[in-house]
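The structure appears below as structure tokens.
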Amino acid sequence: MKRPNNHFIGSKPGPGRLKPNAPLKYYNNRSGDVDNLCKFVMDSLNQVLYADDRQVVCLNAIKVLDSDGDCKGSTDVEISVLNDEDENNIM
């Protein structure tokens, strides 16, 4: 997730400008509930990766702050097909 400007020295984002007291990765901010962020990604992949997001049977999500470079944030998606062994390990 993109960091708020107040996490940076002088409120100016950029490499090496992160305040020492800024949260490292996990931060409960008001930039969106993790379930709403997932819904956006899931809906975006409808008719692209699957016919409908109702086909998805397992979802693991985490909201973290970007701490690299300009800290602009990104959305990363990893997709895999579950086999019987994976299913047993999840349950």
Side-chain angles (χ1 to χ4, degrees):
M1 302 245 2
K2 182 179 178 181
R3 287 184 172 271
N5 285 343
N6 66 359
H7 285 199
F8 298 95
I9 298 167
S11 294
K12 294 181 181 177
R17 298 191 53 82
L18 202 56
K19 288 181 181 176
N21 61 344
L24 294 178
K25 276 192 164 188
Y26 310 107
Y27 177 66
N28 186 16
N29 59 12
R30 295 185 180 121
S31 64
D33 296 341
V34 71
D35 60 324
N36 291 334
L37 297 170
C38 290
K39 182 167 178 41
F40 168 75
V41 172
M42 299 291 290
D43 289 346
S44 299
L45 294 173
N46 274 339
Q47 302 300 317
V48 175
L49 188 63
Y50 36 72
D52 190 275
D53 56 10
R54 288 180 281 180
Q55 294 174 270
V56 176
V57 296
C58 181
L59 178 67
N60 183 5
I62 186 168
K63 182 171 68 170
V64 296
L65 292 170
D66 189 352
S67 295
D68 296 327
D70 289 334
C71 304
K72 293 184 177 183
S74 66
T75 300
D76 299 329
V77 177
E78 181 179 322
I79 298 165
S80 60
V81 176
L82 294 178
N83 59 39
D84 290 339
E85 184 179 325
D86 294 328
E87 183 181 337
N88 291 333
N89 290 333
I90 291 171
M91 302 298 182

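Since the model is a prediction, treat every value here as computed from it, not as a measurement. The chain is numbered in sequence order, starting from 1.
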Do [X] and [Y] land in one hydrophobic cluster if side-chain heavy atoms of ILVMFWY residues count as linked below 4.5 Å?
X	Y	answer
Val41	Val56	yes
Phe40	Val77	yes
Ile79	Met42	yes

Grab the two heavy atoms, one from [X] and one from [Y], that are nearest each other, plus how far apart they are.
X	Y	answer
Arg17	Lys12	NE-O, 2.7 Å
Ala51	Asn46	O-OD1, 4.3 Å
Tyr50	Leu45	OH-CB, 3.3 Å

Once you round to the nearest 0.5 Å, how far does [atom1] of [X] lie from [atom2] of [Y]?
X	Y	atom1	atom2	answer
Leu65	His7	CG	NE2	6.0 Å
Thr75	Lys63	OG1	NZ	12.0 Å
Gln55	Leu49	CD	CG	9.0 Å

Original post:
Asp53: what forms a salt bridge (charged side-chain N to carboxylate O under 4.0 Å, His left out) with it, not counting sequence neighbours?
Top reply: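 Listed in chain order: nothing, the list is empty.
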
**OP:** Report the residues that fulfil side chain to side chain contact (heavy atoms under 4.5 Å, CB included) with Glu78, sequence neighbours left out, ordered by chain and then residue number.
**Re:**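 Testing Glu78 for side chain to side chain contact (heavy atoms under 4.5 Å, CB included), a comparison that skips the adjacent residues, returns none.
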
Original post:
Would the number of heavy atoms belonging to other residues, nucleotides or ligands and lying under 6.0 Å from CG of Asn60 be above 12?
Top reply: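 For Asn60, atom CG is not crowded (no more than 12 foreign heavy atoms under 6.0 Å).
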
Subject >> Asp52 side chain vs Arg54 backbone, donor-acceptor pair below 3.5 Å >> reply: yes

Original post:
Side chain of Lys19, backbone of Asn6: donor and acceptor closer than 3.5 Å?
Top reply: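 Yes: the side chain of Lys19 pairs with the backbone of Asn6.
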
